[in-house]
Peer 1: 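What follows is a single structure, and I will ask about it in a moment.
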Amino acid sequence: MHTVTISAIQQASPSVKIFRLDDARGAFRYLAGQWIDLYVNIDGKVEVGGYSMTSTPTNQGYLELAIKSSTRHPVTRWLHEHAQVGDSVTISDGQGTFFYQPNMSPRVVLVGAGVGVTPLISIFRYIAASVPQTDATLIYSIPSPDEFLFQTDIEKASQLPNIHHIVTLTQADDNWQGRTGRITADLFLSAGMSDDTLYYLCGPQGMVEDISAVLTSIAVPAERIIYEKWW
Ligand SMILES: Cc1cc2nc3c(=O)[nH]c(=O)nc-3n(C[C@H](O)[C@H](O)[C@H](O)COP(=O)(O)OP(=O)(O)OC[C@H]3O[C@@H](n4cnc5c(N)ncnc54)[C@H](O)[C@@H]3O)c2cc1C
């Protein structure tokens with residue numbers, strides 16, 4: 001376990017706050033795409049929530065989380081309504097099999113919807129920062145233009161030759177000039193496909209099931225599809 005300090009809180013969209021946690025001891029470890037257990041003492045009771053890192057492990061000494069508000073979940077609610085810069089929280093090391101390392105494949109397609117983009121942006125940032133030999137495409141579905149998380153970083157990283165992104169808006173909006181509609185087989189085909197591509201999916205349950213069926217329909221083998229389930 002690690003005690004870390006909240007060093008910044010940013011309202012990143014109407015529903016999502018980004019939390020930066022400083023790890024003064026530098027002992028916290030994770031792989032790009034993993035999640036942590038975060039423990040908070042609320043009214044004398046220790047509560048726990050699971051959250052994916054959005055930062056890349058190549059940035060040492062801190063991590064970042066992006067958390068969508070919820071009044072139901074005690075830790076998520078505490079983070080949104082009570083957490084302040086300077087507060088300490090306890091976290092586990094990075095956990096789970098939803099991660100990317102360079103020896104796994106030279107090509108990844110990262111498919112996310114809404115706040116489900118969090119573990120994908122960690123992998124995206126990691127590859128942009130330190131894996132130039134890997135080709136990464138982020139396919140990101142958002143409900144409205146103001147829920148486009150990490151827009152500046154995504155657009156900047158996409159200037160690199162190995163980094164690409166496709167963002168699609170699911171609900172019509174006059175302020176959006178980009179792509180609209182759901183993620184389809186044509187979208188994967190237009191992004192280019194190869195036999196060694198790994199597909200990472202994270203989003204609401206229905207979206208993960210739909211995308212998985214789309215990938216199967218275009219002959220992507222099950223062992224090349226990696227899911228993150230929050231439910
Ligand atoms: C491994 C893991 C990693 C997580 N990482 C994050 C994170 O980085 N940021 C964050 O805000 N929450 C994350 N969560 C969810 C968080 O721990 C709480 O479950 C959530 O705050 C509860 O909100 P709710 O009760 O309003 O859920 P609801 O909004 O009712 O959602 C129901 C379930 O579906 C999941 N879900 C809903 N929308 C999405 C989506 N767009 N993509 C993926 N799953 C979805 C929810 O997490 C929840 O488990 C993660 C959960 C797990 C298990």
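Hydrogens, waters and symmetry mates are skipped; everything else that's a heavy atom, side chains included, is used. Counting starts at 1 for both ligands and their atoms, in listed order. Everything quoted here is computed from the prediction, not taken from an experiment. We count residues from 1, following the sequence as given.
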Peer 1: Where the side chain of Thr76 meets the backbone of His73, is there a donor-acceptor pair that is under 3.5 Å apart?
Peer 2: no
Peer 1: On the six-membered ring of Tyr62, is Arg20 placed so that its NZ or CZ lies under 6.0 angstrom from the centre and within 45° of the ring axis?
Peer 2: yes
Peer 1: Would you please test Tyr227 and Phe98 for ring-ring contact (aromatic ring centres under 6.0 Å, His included) and show each step?
Peer 2: CA-CA 7 Å; Tyr227 310 85; Phe98 192 90; 8.9 Å; no
Peer 1: Side chain, backbone, both or neither: which applies to Ile67 and ligand 1 if a contact is any heavy-atom pair less than 4.0 Å apart?
Peer 2: both
Peer 1: So if you build clusters from Ile, Leu, Val, Met, Phe, Trp, Tyr with side-chain heavy-atom gaps below 4.5 Å, do Leu201 and Met53 land together?
Peer 2: no
Peer 1: Rounded to the nearest 0.5 Å, what separation is found between the CD1 atom of Ile121 and the CG atom of Leu110?
Peer 2: 8.5 Å
Peer 1: To check your reading of the model: name the closest protein heavy atom to atom 41 (N) of ligand 1, its residue, and the distance in Å.
Peer 2: Ala113 O, 3.2 Å
Peer 1: Closest non-hydrogen protein atom to atom 33 (C) of ligand 1, residue and atom name please, with distance?
Peer 2: Trp231 CB, 4.4 Å
Peer 1: When you measure from atom 25 (O) of ligand 1 to every protein heavy atom, which one gives the shortest distance, and what is it?
Peer 2: Arg72 NE, 3.3 Å
Peer 1: Quick one: nearest non-hydrogen protein atom to atom 21 (O) of ligand 1, plus distance?
Peer 2: Thr76 OG1, 2.8 Å
Peer 1: Give yes or no for whether the N/O distance cutoff of 3.5 Å, strictly under, is met between Thr118 and ligand 1.
Peer 2: yes
Peer 1: Any protein heavy atom lying closer than 4.0 Å to atom 31 (O) of ligand 1?
Peer 2: no
Peer 1: Using atom types as modelled and distance alone, determine if a side-chain donor or acceptor of Ser15 lies under 3.5 Å from a backbone N or O of Lys68.
Peer 2: no
Peer 1: Going by the atom numbers of ligand 1, which of them fall below 4.0 Å from some non-hydrogen atom of Trp35?
Peer 2: 1 (C)
Peer 1: Considering only protein heavy atoms, which is closest to atom 14 (N) of ligand 1, and at what distance to one decimal place?
Peer 2: Gly50 O, 3.3 Å
Peer 1: Is there a donor-acceptor pair under 3.5 Å between the side chain of Ser122 and the backbone N or O of Thr54?
Peer 2: no
Peer 1: If I apply the N/O under 3.5 Å rule, does Ala66 come out as touching ligand 1?
Peer 2: yes
Peer 1: Atom 50 (C) of ligand 1: protein heavy atom closer than 4.0 Å?
Peer 2: yes
Peer 1: Say whether Glu228, considering both its backbone and side-chain N or O atoms, lies within less than 3.5 Å of an N or O atom on ligand 1.
Peer 2: no
Peer 1: Check contact between Val115 and ligand 1, using heavy atoms of the residue and a distance below 4.0 angstrom.
Peer 2: yes
Peer 1: For atom 12 (N) of ligand 1, grab the closest protein heavy atom and report residue, atom and distance to one decimal in Å.
Peer 2: Trp230 CZ3, 3.5 Å
Peer 1: List the steps, then state whether ring-ring contact (aromatic ring centres under 6.0 Å, His included) holds for Phe148 with Tyr140.
Peer 2: CA-CA 9 Å; Phe148 187 171; Tyr140 178 19; 5.7 Å; yes
Peer 1: I need the contact type for Pro119 against ligand 1. Using non-hydrogen atoms and a strict under-4.0 Å cut-off, is it side chain, backbone, both or neither?
Peer 2: neither
Peer 1: Under 4.0 Å from a heavy atom of Ser70: give me the atoms of ligand 1 that qualify, with their elements.
Peer 2: 23 (O), 24 (P), 25 (O), 26 (O)
Peer 1: May I have the step-by-step check of salt bridge (Lys or Arg N to Asp or Glu O under 4.0 Å) for Asp135 and Arg107, ending in yes or no?
Peer 2: CA-CA 5 Å; Asp135 196 85; Arg107 186 170 154 76; 2.8 Å; yes
Peer 1: Any sub-3.5 Å donor-acceptor pair from Tyr30's side-chain atoms to Thr56's backbone N or O?
Peer 2: yes
Peer 1: Short question: side chain of Asp153, backbone of Phe150 - any donor-acceptor pair under 3.5 Å?
Peer 2: no
Peer 1: Identify, with sequence neighbours excluded, every residue that meets salt bridge (charged side-chain N to carboxylate O under 4.0 Å, His left out) alongside Arg182.
Peer 2: Asp210
Peer 1: For atom 22 (C) of ligand 1, what's the nearest protein heavy-atom neighbour? Residue, atom name and distance, please.
Peer 2: His73 CB, 3.7 Å
Peer 1: At less than 4.0 angstrom from any non-hydrogen atom of Gly203, what atoms of ligand 1 do you find?
Peer 2: 40 (C), 42 (N), 43 (C), 44 (N)
Peer 1: Looking only at protein heavy atoms, which one is nearest to atom 11 (O) of ligand 1, and how far off is it?
Peer 2: Lys68 N, 2.8 Å
